[in-house]
Amino acid sequence: MRVKRWGGVIKMSVMATQKPPVPKTVPKRDEGGSVVLERIAQRTKPPQMYQVVMLNDDYTPMEFVVLVLQEFFSKDRETATQIMLKIHLDGKGICGVYSKDVAATKVDQVLDAAHQSGHPLQCLSEPVE
Ligand code: TYC
């Protein structure tokens with residue numbers, strides 16, 4: 001029996017997750033009078049960003065808030081202490097600005113850590129103006 005060897009080339013294709021945007025055009029006449037499609041420059045808006053805001057309360061220990069800011073918001077100890085004191089004095093403060101999903105994850109992490117430690121610490125995310 002003859003075994004035929006296949007000498008073809010294996011083509012790998014990678015599936016794109018999004019189609020490339022179709023350029024917007026308007027019909028115009030060129031110098032020769034022919035109708036041509038002129039491309040209109042398109043601008044993509046930057047994504048809406050979200051700030052994580054932490055709220056003051058009378059029970060969560062200052063040290064716990066400082067540790068949370070270091071752990072989940074990558075602040076050094078001095079910056080974390082300043083943010084914590086600002087929240088303590090003003091009632092609230094911004095811990096960081098992130099994409100929507102990342103901000104929501106940070107809020108979950110803080111609320112989980114606070115809940116596990118038995119502290120009433122609250123925080124939320126809101127769109128940046
Ligand atoms: N006010 C709290 C206290 O005096 C400290 C605190 C700071 C709590 C910031 C929450 O988001 C907070 N122990």
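Atoms considered below: every heavy atom in the structure, side chains included; atoms not considered: hydrogens, waters and symmetry mates. Counting starts at 1 for both ligands and their atoms, following the listed order.
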- Message: I need the minimum non-hydrogen distance between Y98 and A103, along with the two atoms involved.
- Response: CB-N, 3.8 Å
- Heavy-atom side-chain contact between H88 and I83 under 4.5 Å: no
- Message: With heavy-atom distances below 4.5 Å as the criterion, would you say the side chains of Q48 and K100 are in contact?
- Response: no
- Query: In terms of atom number and element, which parts of ligand 1 are under 4.0 angstrom from non-hydrogen atoms of M54?
  - Reply: 11 (O)
- Which residue and non-hydrogen atom of the protein lie closest to atom 9 (C) of ligand 1, and at what distance in Å? I87 CG2, 3.6 Å
- Nearest non-hydrogen protein atom to atom 2 (C) of ligand 1, with distance, is D57 O, 3.2 Å
- Query: Polar-atom distance check: Y59 versus ligand 1, any N or O pair below 3.5 Å?
  - Reply: no
- In this structure, atom 11 (O) of ligand 1 is nearest to the protein heavy atom L55 O, 2.7 Å
- Got the closest protein heavy atom to atom 13 (N) of ligand 1, with its distance? T60 O, 2.9 Å
- Looking only at protein heavy atoms, what sits closest to atom 6 (C) of ligand 1 is N56 OD1, 3.3 Å
- Message: Before you tell me yes or no, could you show the steps for V26 and R39 under side chain to side chain contact (heavy atoms under 4.5 Å, CB included), namely the whole-Å CA-CA distance, both residues' side-chain angles and the distance that decides it to 0.1 Å?
- Response: CA-CA 7 Å; V26 281; R39 237 174 227 187; over 6 Å; no
- Item | side chain to side chain contact (heavy atoms under 4.5 Å, CB included) between T79 and L69, intermediate numbers included | CA-CA 9 Å; T79 307; L69 288 163; over 6 Å; no
- Which pair of heavy atoms, one from P120 and one from T60, lies closest together, and at what distance? CD-OG1, 3.4 Å
- Item | Under 4.0 Å to a heavy atom of L121 - the qualifying atoms of ligand 1, by number | 10 (C), 11 (O), 12 (C)
- Nearest protein heavy atom with distance in Å, relative to atom 4 (O) of ligand 1: H88 CE1, 3.1 Å
- Task: May I ask you to check if ligand 1 and M84 share an N or O to N or O distance below 3.5 Å?
- Result: no
- Task: Please test M54 against V68 for side chain to side chain contact (heavy atoms under 4.5 Å, CB included), starting from the C-alpha separation and ending with a verdict.
- Result: CA-CA 11 Å; M54 198 174 279; V68 161; 3.9 Å; yes
